[in-house]
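Below is one structure, written out as structure tokens; comments come after it.
Just so you know, ligand 1 is whichever comes first in the structure, and atom 1 is the first atom listed for that ligand. All of these numbers come straight from a predicted model, not from anything done at the bench.
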Amino acid sequence: MVDKDRVHMPTQPPDERKNNFKEVALGLTKEQAIEEAKRCLNCKNPPCVTGCPVGIDIPKFIQLIKDEKFIEAEEVIKEDNLLPAVCGRVCPQEDQCEKSCVLAKKGKPIAIGYLERFVADYGIKSNPQKEKAISYQLSAISSQQPKIAVIGSGPSGLTCASELRKLGYKVVIFEALHKPGGVLAYGIPSFRLPKDIVNYEIENLKKMGVRIKTNSIIGRLKTIDQLLKEGFSAVYIATGAGHPMFMHIPGEDLNYVYSANEFLTRVNLMEAYKFPETDTPVILGKKTAVIGGGNTAMDSARCALRMGVEKVYCVYRRTEREMPARIEEIQHAKEEGIEFIFLANPVKYIGDDENNVKGIELVRMRLGQPDESGRKSPIPIKESNFTLEIDSVIIAIGTDANPLIPDTTKDIKTNRWGYIITDSEGRTSKKGVYAGGDIVTGSATVIEAMGTGKRVAQVINEDLRNLDVR
Ligand SMILES: Cc1cc2nc3c(=O)[nH]c(=O)nc-3n(C[C@H](O)[C@H](O)[C@H](O)COP(=O)(O)OP(=O)(O)OC[C@H]3O[C@@H](n4cnc5c(N)ncnc54)[C@H](O)[C@@H]3O)c2cc1C
Ligand code: SF4
């Protein structure tokens, strides 16, 4: 359906979708996409492009949709974005390109994300062999080229690997987990990002000649120094920020208190929702509390619901206005029946005689002055504690850097939070070693991680050319 403002994304009805892991947003039809594209003013100095972290030529691809040239539209996006089917689904467009769209000033912005997803899906359905053809040409020209190690197969590592491969390098990705994709594989659930989309892009990368070695933890299997000694001319570290954070309050070690990382990995990567058909279970009980207000919290809450929990609470210490999660995800969570408890924070988890969590003691909060994040800081209200009965808890208050690589590579400098320090072009303090994505910026977005991966690939190429190792 198209109204005069903006196309609506069709979705599975809430009562149906809360019982399955199938994609919630169903995608636009060709007619809807064209109608929406027609609303675009094709601005001469388009602010939407400035709002896009990788500078996609948005008016150009939208014009091609108007002209019904969908494959060409996808090609325009792919010049700047390796994973349009992923970004069309998970990018926070409301804070980026769509926020900058001129139409947002007086009405509703163009649904740029929906259009991106439409052309990407159209490309996947109609032209699955395209990347294969490119791959054979690439393999032929590059067999004598230097090799580069990429550590981590999330969006940053995948993009850097793809760019380096296109520049003619041999590229090997080392991935700690048994499946590549990073957060796209283990974090974001299939009802937001179907795994066949991620797998399709990874298969394309393999067809281009990139080798992906899974079950390979760098820092354990071998160190970065060993990789350099073995003949890798450069190393790109894209290990993300997947180390779960805790509040360090009493009871966090009780049974059925999960970190969101563990919970989401069990559900998404190990497919616990298919247990016992799969090997990994996850036990939640009837009432679950998710602590946090970001995308990870929304994903955890909505996964818990789909795992059969009767009542899912989302406990957040600020108000809805300050929630970092995407607006669409908050809306979808509400429609599905997640109950939000705002302005409350856990003080301790309460256990039974068998060390199973049975409740949370929460304190009411009020908002004070803005803190360093720019959001109003939450302040506990004295003697306002109350108890919430639950059978399980998922802690989704954020993640930080895993110290393994800096600990095993002494000359890589990190900041006080453990993130790797780079210059503005992605070079670390160690020669030949580069870094990008969440391991440098802290938890950010898919498109930002991809953007750095792409830029650093160019820098690696220039540095190696200057060294004349090519
Ligand atoms: C649940 C969840 C939902 C999110 N939702 C969104 C969203 O809707 N939109 C959005 O834009 N962003 C979202 N984000 C953030 C986004 O996913 C990240 O910013 C992005 O994935 C960062 O990419 P990356 O490549 O830097 O790292 P990651 O995606 O974290 O990938 C890092 C990879 O490195 C591997 N690794 C780590 N250490 C080693 C090692 N020592 N050796 C080998 N491999 C290693 C890890 O196993 C992982 O596969 C979400 C994040 C989470 C956790
Ligand atoms: S700013 Fe909005 S209307 Fe203008 S070109 Fe971009 S998407 Fe189209």
Discussion item. Would you say Y419 and D400 are linked by a side-chain donor-acceptor pair, where the criterion is simply a distance under 3.5 Å?
Written reply: no

Worksheet item: Within the structure, does A176 bring an N/O atom to less than 3.5 angstrom of an N/O atom in ligand 1?
Response: yes

Item to complete: Before accepting this row, confirm whether a basic side-chain N of the pair E94/K99 lies closer than 4.0 Å to the acidic partner's carboxylate O.
Response: no

Response to the item:
Near P92 (heavy-atom distance under 4.0 Å), the atoms of ligand 1 are 11 (O)

Fill in: Side-chain donor or acceptor of K106 paired with backbone N/O of L103 under 3.5 Å
no

Practice prompt. May I ask you to check whether R326 and Q93 show a side-chain donor-acceptor distance below 3.5 Å?
Written response: yes

Practice prompt. Using modelled atom types only, decide if a donor and an acceptor are shared between the side chain of N81 and the backbone of I77 within a distance under 3.5 Å.
Written response: no

Practice prompt. Give a yes/no verdict on whether any heavy atom in N402 is under 4.0 Å from an atom of ligand 1.
Written response: no

Item to complete: Closest by any non-hydrogen atom to atom 43 (C) of ligand 1: pick that one out of A325, C91, S216.
Response: S216

Item to complete: Tell me yes or no: between the side chains of T265 and E262, is some donor less than 3.5 Å from an acceptor?
Response: no

Worksheet entry | Part of L158 within contact of ligand 1 (heavy atoms, under 4.0 Å) | neither

Item to complete: Number the atoms of ligand 1 from 1 as they appear, then name those within less than 4.0 Å of a heavy atom of D299, with their elements.
Response: 1 (C), 2 (C), 3 (C)

Fill in: G182: numbered ligand 1 atoms lying under 4.0 Å from its heavy atoms
29 (O), 31 (O), 48 (C), 49 (O)

Worksheet item: Where is the nearest protein heavy atom to atom 11 (O) of ligand 1: which residue, which atom, and how far?
Response: V446 N, 3.0 Å

Worksheet item: When you measure from atom 31 (O) of ligand 1 to every protein heavy atom, which one gives the shortest distance, and what is it?
Response: G154 CA, 3.4 Å

Worksheet item: Using 4.0 Å as the upper bound for N to carboxylate O, is an ion pair formed by D463 and K431?
Response: no

Response to the item:
The atoms of ligand 1 lying under 4.0 Å from a heavy atom of V90, numbered in the order shown, are 7 (C), 8 (O), 9 (N), 10 (C), 11 (O)

Worksheet item: What protein atoms of element N, O or S are positioned under 2.8 Å from atom 6 (Fe) of ligand 2?
Response: C48 SG

Worksheet item: Quick check: does any side chain N or O of T409 sit under 3.5 Å from a backbone N or O of P406, one acting as donor and the other as acceptor?
Response: no

Item to complete: Looking only at protein heavy atoms, identify the closest one to atom 51 (C) of ligand 1 and say how far it is in Å.
Response: V183 CG1, 3.4 Å

Item to complete: Compute the minimum heavy-atom distance from P155 to ligand 1 and say whether it is under 4.0 Å.
Response: yes

Response to the item:
If you compare L221, T239, L184, T265 by their heavy atoms, the one closest to atom 37 (C) of ligand 1 turns out to be T239

Worksheet item: Do D67 and Q63 meet the criterion of a side-chain donor-acceptor pair at a distance under 3.5 Å?
Response: yes

Worksheet item: Ion pair present between R6 and E98, side-chain N to carboxylate O less than 4.0 angstrom?
Response: yes

Item to complete: Return yes if a side-chain donor-acceptor contact under 3.5 Å exists between E271 and T278, otherwise no.
Response: no

Worksheet, complete the sentence: atom 14 (N) of ligand 1: closest protein heavy atom, distance to 0.1 Å, is A444 O, 4.3 Å

Worksheet item: At a 4.0 Å threshold, what atoms of ligand 1 neighbour a non-hydrogen atom of G437?
Response: 26 (O)

Item to complete: Sequence neighbours left out, what passes side chain to side chain contact (heavy atoms under 4.5 Å, CB included) with A185? Give chain and number order.
Response: L269

Practice prompt. Answer yes or no on whether R302 is positioned over the face of F191, meaning its NZ or CZ is under 6.0 Å from the six-membered ring centre and within 45° of the axis.
Written response: no

Discussion item. Checking a contact table here: which protein heavy atom is nearest atom 26 (O) of ligand 1, and how many Å away?
Written reply: D438 N, 2.9 Å

Worksheet entry | Top protein contact for atom 27 (O) of ligand 1, by heavy-atom distance | G240 CA, 3.3 Å

Worksheet entry | Sub-4.0 Å atoms of ligand 1 with respect to non-hydrogen atoms of S156 | 25 (O), 26 (O)

Response to the item:
Restricting to heavy atoms, the pick from L404, V86, N268, I218 nearest atom 42 (N) of ligand 1 would be I218

Item to complete: Tell me yes or no: between the side chains of E322 and T319, is some donor less than 3.5 Å from an acceptor?
Response: yes

Worksheet item: Which heavy atom of the protein is the closest neighbour of atom 6 (C) of ligand 1, given with residue, atom name and distance?
Response: N295 ND2, 3.6 Å

Worksheet entry | Closest to atom 33 (C) of ligand 1 (judged by heavy-atom distance), picking from R326, E328, E175, R89 | E175

Worksheet item: Does K147 make a cation-pi contact with F232 (under 6.0 Å, within 45 degrees of the axis)?
Response: yes

Worksheet item: Any side-chain donor-acceptor pair under 3.5 Å between H178 and N215?
Response: no

Worksheet item: Which is closest to atom 8 (O) of ligand 1 by heavy-atom distance: K222, R192, H178?
Response: R192

Worksheet entry | Closest non-hydrogen atom pair between G123 and E74, with its separation | CA-OE1, 3.5 Å

Practice prompt. Give the residue, atom name and distance (to 0.1 Å) of the protein heavy atom nearest atom 53 (C) of ligand 1.
Written response: T296 OG1, 3.6 Å

Practice prompt. Please could you name the atoms of ligand 1 that I217 approaches to less than 4.0 Å, counting only its heavy atoms?
Written response: 41 (N), 42 (N)

Worksheet item: Short list, please: which atoms of ligand 1 are under 4.0 Å from a heavy atom of I188?
Response: 3 (C), 4 (C), 5 (N), 6 (C)

Worksheet entry | Distance-only side-chain donor-acceptor flag, T288 / S392, under 3.5 Å | yes

